[in-house]
Amino acid sequence: MGKGQVLVLGSNATQLGLRGGSTATVGQYLNETAVPALALLDAGYDIVLATPNGTKPHIDAGSDTKDHFGGDEAAYQRAQDFFASHPAMNDVRTLKSVVDEGLDGFVGVFVPGGHAPIVDLMQDRDAGTILRHFHAAAKPTALLCHGPVVVVSTLDDAPAFRKALEEGDDAGAADLARDWIYSGYRMTVFSASEEKIAEEQVLKGELYFDMEKALRSAGGDVSVTDKNFASNVVVDRELITGQNPASDQAMADALIEALDRAAA
């Protein structure tokens with residue numbers, strides 16, 4: 001019998017709108033999904049994957065490379081095999097069904113990154129309900145890379161907050177985030193300078209807002225590294241955030257430490 005179940009919130013988004021009306025094909029990052037999930041399984045925890053529509057997430061093609069595994073071909077192959085074949089990655093639930101059946105049985109929650117979560121999970125009502133539960137219960141809540149932006153789903157009107165960000169309405173966004181449950185929390189997220197590189201080299205277009213600004217507009221105490229793509233993990237109370245793909249293992253270690261501490 002495992003140590004407990006960790007809920008993994010996945011994204012179903014495959015297209016991201018960019019300034020000027022163009023779009024980019026996006027998804028979850030392979031390493032950001034597989035590295036923490038495999039670490040949890042290796043540590044004795046079980047995982048349950050849930051997405052907005054109950055189908056399996058799409059893996060971002062840009063992440064499907066051994067470069068995100070330190071050039072380790074064996075680690076890359078293990079991640080590919082895990083995502084393709086492991087029952088936990090294929091027995092996918094809807095977020096709504098998880099909410100309806102109750103969240104008390106989960107010991108923690110994890111949100112992988114890639115650009116996909118800023119399309120759907122960031123403004124998903126059920127994702128907000130789930131994160132509010134884990135916040136109220138002070139259960140480990142880990143989010144990686146672009147994943148930390150999903151914490152704004154806990155706002156009363158997350159879609160309106162996202163729209164205000166897209167329109168550059170900073171005052172409107174701040175007003176919508178009054179009394180946010182994570183206000184004042186220390187956290188990190190994919191940095192604005194890292195995003196510029198992603199826009200130029202991967203997306204081939206400009207996002208409507210960067211992740212640092214989104215979280216600061218909501219009231220988060222956001223910090224990022226001076227060096228792009230250097231591993232960075234910030235822990236504040238139950239919240240564990242990792243800045244970028246390179247933070248995958250460090251964030252997994254911090255999450256497992258928090259889970260083990262909570263169990264003890």
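At distances below 3.5 Å, at least one donor-acceptor pair connects side-chain atoms of Glu32 with backbone N or O atoms of Gly113. Here the side chain of Arg162 pairs no donor or acceptor atom with the backbone of Met122 at under 3.5 angstrom. Asn90 places a side-chain N or O within 3.5 Å of a backbone atom of His86 that can act as its donor or acceptor partner. Between the side chain of Ser22 and the backbone N or O of Leu18, no donor-acceptor pair lies under 3.5 Å. At distances below 3.5 Å, at least one donor-acceptor pair connects side-chain atoms of Ser63 with backbone N or O atoms of Leu30. The closest donor-acceptor contact from the side chain of Arg19 to the backbone of Glu206 lies at 3.5 Å or more, if one exists at all.
Salt bridge status for Arg93 with Glu101: present, with a side-chain N to carboxylate O gap under 4.0 Å. Using a 4.0 Å cut-off between charged side-chain N and carboxylate O, Lys196 and Glu200 make no salt bridge.
The shortest distance between side-chain heavy atoms of Leu203 and Glu195 falls below 4.5 Å. The shortest side-chain heavy-atom distance between Arg132 and His135 does not fall under the 4.5 Å cut-off. Between Pro57 and Leu49, the closest side-chain pair of non-hydrogen atoms falls below 4.5 Å. Contact annotation: the side chain of Phe190 never approaches that of Val224 to less than 4.5 Å [non-hydrogen atoms, C-beta and beyond]. Between Phe161 and Ser217 the shortest side-chain heavy-atom distance falls below 4.5 Å. When side chains are defined from C-beta on, Pro140 does not count as touching Val109, because their heavy atoms never get closer than 4.5 Å.
Ring pair His115/His146 is tilted by interplanar angle, where 30° to 60° counts as tilted. Ring planes of Tyr182 and Tyr185: perpendicular class, angle over 60° (limits at 30 and 60°).
Heavy-atom minimum distance, Cys145 versus Val189: O-CG2, 3.2 Å. Taking both residues in full, the closest heavy atoms of Asn228 and Ser191 are given as OD1-OG, 4.0 Å, listed atom of the first, atom of the second, then distance. Scanning all heavy atoms of the two residues, the minimum distance from Pro52 to Ser11 falls at CD-CA, 4.5 Å. Closest heavy-atom contact between Ala127 and Leu95: N-CD1, 4.0 Å. In this structure, Tyr29 and Gly114 approach most closely via the heavy-atom pair CD1-CA, 3.7 Å. Nearest heavy atom pair, residue Val6 against residue Leu259, reads CG2-CD1, 3.8 Å.
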Given the rule in the side-chain contact (heavy atoms from CB on, under 4.5 Å) test, do Trp180 and Thr154 qualify, once you have shown the distances and angles that lead to the verdict?
CA-CA 8 Å; Trp180 187 42; Thr154 59; 3.0 Å; yes
Using the rule given for side-chain contact (heavy atoms from CB on, under 4.5 Å), can you reason through Leu121 versus Val111, listing the C-alpha separation, both sets of side-chain angles and the distance that settles it, and then say yes or no?
CA-CA 9 Å; Leu121 292 181; Val111 183; 4.1 Å; yes
Derivation of the side-chain contact (heavy atoms from CB on, under 4.5 Å) call for Leu143 and Val151
CA-CA 9 Å; Leu143 310 99; Val151 292; 3.9 Å; yes
Yes or no on side-chain contact (heavy atoms from CB on, under 4.5 Å) for Glu194 and Gln243, after CA distance, side-chain angles and deciding distance?
CA-CA 10 Å; Glu194 289 167 339; Gln243 179 175 328; 3.1 Å; yes
For a salt bridge (Lys or Arg N to Asp or Glu O under 4.0 Å) check, start with the C-alpha distance between Asp260 and Lys3, then their side-chain angles and the critical distance, and finish with the verdict.
CA-CA 9 Å; Asp260 288 346; Lys3 294 180 179 179; 3.4 Å; yes
Derivation and outcome, side-chain hydrogen bond (donor to acceptor under 3.5 Å, both in side chains), residues Gln28 and Thr33:
CA-CA 7 Å; Gln28 287 186 192; Thr33 303; 2.8 Å; yes
Which is it for Asp42 and Arg78 under the salt bridge (Lys or Arg N to Asp or Glu O under 4.0 Å) test, yes or no, and what are the steps along the way?
CA-CA 13 Å; Asp42 290 344; Arg78 186 188 183 206; 3.2 Å; yes
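The hydrophobic cluster containing Phe106 also contains Ile181, counting ILVMFWY residues as joined when their side-chain heavy atoms lie under 4.5 angstrom apart, directly or transitively. Phe69 is connected to Leu41 through a chain of hydrophobic side-chain contacts under 4.5 Å among Ile, Leu, Val, Met, Phe, Trp and Tyr, so both are in one cluster. Residues Leu9 and Tyr45 are members of separate hydrophobic clusters, defined by side-chain heavy-atom contacts under 4.5 angstrom among Ile, Leu, Val, Met, Phe, Trp and Tyr. Taking hydrophobic clusters as Ile, Leu, Val, Met, Phe, Trp and Tyr residues chained together by side-chain heavy-atom distances below 4.5 Å, Leu144 does not share a cluster with Val119. Using a 4.5 Å cut-off between side-chain heavy atoms of Ile, Leu, Val, Met, Phe, Trp and Tyr, with links allowed through other members, Val149 and Val202 fall into different hydrophobic clusters.
The local environment of CG in Asp179 is sparse, with at most 12 non-hydrogen atoms from other residues, nucleotides or ligands closer than 6.0 Å. No more than 12 heavy-atom neighbours from other residues, nucleotides or ligands sit within 6.0 angstrom of CG on Asp156. Other residues, nucleotides and ligands contribute at most 12 non-hydrogen atoms within 6.0 Å of the CZ atom of Arg178. The environment of Asp226 atom CG is sparse: at most 12 non-hydrogen atoms of other residues, nucleotides or ligands sit within 6.0 angstrom.
The CG atom of Asp236 sits 4.5 Å away from atom CZ of Arg186, with the distance rounded to the nearest 0.5 Å. A distance of 7.0 Å separates CD of Glu167 from CG of Asp169, quoted to the nearest 0.5 Å. Between the NE2 atom in His58 and the CD atom in Gln15 there is a gap of 8.5 Å [rounded to 0.5 Å]. Leu207 CG to Glu166 CD: the interatomic distance, rounded to the nearest 0.5 Å, is 10.0 Å. Separating the NE2 atom in His133 from the NZ atom in Lys139 is a distance of 3.5 Å, to the nearest 0.5 Å. Between the OG1 atom of Thr51 and the CG atom of Asp120 there is a distance of 8.5 Å, given to the nearest 0.5 Å.
Screening Asp81, Asp64, Asn31 against Tyr76 for a side chain to side chain donor-acceptor pair (under 3.5 Å) leaves a single residue, Asp64.
Checked by atom type, the side-chain pair Thr55/Asn12 shows a donor-acceptor distance below 3.5 Å. Counting only N and O atoms by type, the side chains of Thr188 and Asn232 include a donor and acceptor under 3.5 Å apart. Under 3.5 Å, the side chains of Asn244 and Ser247 contain a donor-acceptor pair of N or O atoms. Side-chain contact, Gln123 with Ser153: no donor N or O sits under 3.5 Å from an acceptor N or O. Between the side chains of Glu238 and Thr141, no donor-acceptor pair of N or O atoms lies under 3.5 Å.
Phe83 carries Lys56 over the face of its six-membered ring, with the cationic atom under 6.0 Å from the centre and within 45° of the normal.
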